[in-house]
Amino acid sequence: MKFDRRNVIFLGIFVVFFGCLLFIGEPIYTNDTFQYESQMVMREPGYALFMQLMRFISPEGCYQLIIVLQNILAVVANTIFMVFMRRRLRLGMPMSLLFTAILLAPHVMTPVFSHTHLILTNTLMTEGVLFSLYPLAMISLLDAIWDKKPLGVASIRTILVFFLLSLIRGQMMVLFVVWVLVMGILSFFDGSSHWGRSHNKVITTGIVQSITLFLIVVMAFVARSGLVCFYNYLENGLLVGSVSGKAMSFANVLYVADREDGASIEDERLRELFYEMYDTADADGMNYKYAPGGILNRAAHHEMCHDELNFTYFGEPAKWYVNETKGIYVGQYQELMIEIDKVAAQLSAELMPQVFGRYVKNYLCVIALGFVRTIAYEKSFLVWYAVVAYIAAIVLTVLCWRKHPNSMAAPFLAVILLTIVGNVCATALMIQCISRYMIYNLPLFYMAGLTGLLELNQLRGRSN
């Protein structure tokens with residue numbers, strides 16, 4: 001394929017943009033950084049191993065080396081993304097420049113509007129690499145969709161890229177589900193397009209493809225679990241997966257609990273532990289009863305409480321409980337975290353039947369905020385804008401499909417909407433839907449929408 005010299009323009013834009021971020025910023029050490037550089041069992045191996053390698057190369061300057069490489073990765077990944085989109089969608093320069101601005105939006109919004117004010121590529125945590133790798137993963141998925149080969153090279157490459165991302169951050173495992181659903185639907189449409197040729201052959205091929213897709217995604221989950229366990233065994237001598245997820249999700253249960261719900265806990269000591277943490281949290285207003293009115297206000301109150309409920313109101317009493325019942329002390333930090341996760345799982349299982357209705361109501365509030373934050377900001381007028389934008393995206397998807405059977409925009413829009421649903425709903429089960437967890441799909445949402453509008457305009461021009 002002929003080299004388009006205009007692509008150098010986009011390389012130049014990214015070099016200047018991320019070069020400026022590197023020049024004006026310093027390595028940003030966060031609470032998560034210590035856990036990654038200490039290879040703790042609460043974190044996935046991908047970023048921890050990256051930090052280990054950088055420390056091996058430059059023990060004194062590893063932090064600076066990390067952010068240099070993260071900004072270089074951002075330049076390379078965003079350039080590849082734009083080259084792909086320009087080639088596959090045949091974008092002109094004005095639209096290409098608009099896509100470039102949209103692609104850089106998270107790197108502007110997070111330091112300016114987020115309460116953390118993080119420069120993403122300068123942070124010493126997973127976001128430093130994932131905001132660059134995520135668009136590459138999604139164009140691989142789009143490549144597989146547009147090639148219409150559910151088990152083709154692009155599809156297998158995509159699940160491998162998703163696998164890599166999941167080893168960096170567990171949140172990315174939702175992409176496994178996205179992949180198998182998208183490839184399964186693609187397989188169905190591929191079979192239905194040949195329905196009249198050989199009924200039995202189409203059915204057989206569809207069944208074989210579906211089983212193969214299912215087996216691949218199961219193998220991906222199993223392989224990931226095995227690799228994480230193996231990593232923790234080599235690093236810490238503990239054959240376990242990433243822990244702390246159950247503790248995080250229990251904070252959501254504790255938030256919606258009432259004191260009388262503790263009666264459902266059979267073990268007396270565990271029941272006393274619940275009363276202790278509940279009474280302390282309730283006294284400080286860390287409970288759903290103290291949330292203000294309104295869906296987003298309730299979600300914001302839950303967000304304010306979540307980490308404190310996890311680390312302080314649950315975490316501290318749970319440490320003493322594990323010490324008393326298991327004889328594991330604070331000095332045995334990794335083992336302590338494993339047992340605390342087990343305590344959280346047991347409490348969640350026994351309390352969930354009592355709190356289920358309140359839990360669902362709170363969950364719906366949290367995902368509502370997550371959907372807004374994915375494409376906008378939680379200001380009153382932007383909330384209604386987000387609602388209209390999602391409705392418009394769905395309508396645009398349907399129109400593109402009806403107008404053009406081989407539409408490129410329709411599957412682009414559909415897969416991004418599906419991914420947004422998966423990301424928001426999965427994240428809300430574990431933790432709060434803060435902006436830096438949500439805006440992975442922000443650029444892709446608006447690019448998909450522009451692609452749909454561009455496609456409809458082109459079709460209208462041909463019909464005239």
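Note that the numbering runs from 1 along the sequence shown for the chain.
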Is a donor on one side and an acceptor on the other found under 3.5 Å between the side chain of [X] and the backbone of [Y]?
X      : Y      : result
Asn78  : Ser132 : no
Arg224 : Ser166 : yes
Ser155 : Pro150 : yes
Asn297 : Gly293 : yes
Glu378 : Val372 : no

Hey, are the side chains of [X] and [Y] touching, using non-hydrogen atoms and a 4.5 Å cut-off?
X      : Y      : result
Ile67  : Leu124 : yes
Met109 : Ser435 : no
Leu454 : Leu89  : no
Glu235 : Gln52  : yes
Asp341 : Phe250 : no
Phe17  : Thr100 : no
Thr121 : Leu22  : no
Leu369 : Gln432 : no

Trace of the salt bridge (Lys or Arg N to Asp or Glu O under 4.0 Å) decision for Asp32 with Arg169: CA-CA 12 Å; Asp32 293 350; Arg169 187 174 185 84; 5.3 Å; no

Between Glu455 and Lys403, does at least one N-O distance fall below 4.0 Å, as a salt bridge requires?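 No, this pair does not count.
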
Residues Arg373, Glu303: salt bridge by 4.0 Å N-O rule: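 A salt bridge links Arg373 with Glu303.
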
Whether over 12 other heavy atoms sit under 6.0 Å from [X] [atom1]:
X      : atom1 : answer
Lys379 : NZ    : no
Phe221 : CZ    : yes
Arg259 : CZ    : yes

Parallel, tilted or perpendicular: which one describes the rings of [X] and [Y], with boundaries at 30° and 60°?
X      : Y      : value
Trp146 : Phe84  : parallel
Tyr47  : Phe50  : tilted
Phe176 : Phe163 : parallel
His301 : Tyr255 : tilted

Derivation of the side-chain hydrogen bond (donor to acceptor under 3.5 Å, both in side chains) call for Tyr437 and Asn423: CA-CA 8 Å; Tyr437 300 155; Asn423 183 52; over 6 Å; no

Could you grab the distance from atom CD of Gln171 to atom CD of Glu44, nearest 0.5 Å is fine?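 Answer rounded to 0.5 Å: 10.0 Å.
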
Does Phe445 have its ring centroid less than 6.0 Å away from the ring centroid of Tyr390?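 Yes, the ring of Phe445 comes within the 6.0 Å limit of the ring of Tyr390, centre to centre.
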
Step-by-step side chain to side chain contact (heavy atoms under 4.5 Å, CB included) determination, Arg86 to Met93: CA-CA 9 Å; Arg86 279 174 47 76; Met93 281 303 294; 3.8 Å; yes

When you compare the side chains of Asn122 and Asn71, does any donor N or O come within less than 3.5 Å of an acceptor on the partner?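 On atom types as modelled, these side chains qualify, holding a pair under 3.5 Å.
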
Worked verdict on Leu97 versus Ile13 for side chain to side chain contact (heavy atoms under 4.5 Å, CB included): CA-CA 10 Å; Leu97 291 171; Ile13 291 172; 3.9 Å; yes

Closest non-hydrogen atom pair between Ile367 and Cys425, with its separation: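 Answer, listing the atom of Ile367 first, then Cys425: CG2-CA, 4.2 Å.
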
Evaluate the criterion side-chain hydrogen bond (donor to acceptor under 3.5 Å, both in side chains) for residue pair Thr33 and Thr30; output intermediate values, then yes/no. CA-CA 5 Å; Thr33 306; Thr30 69; 3.2 Å; yes

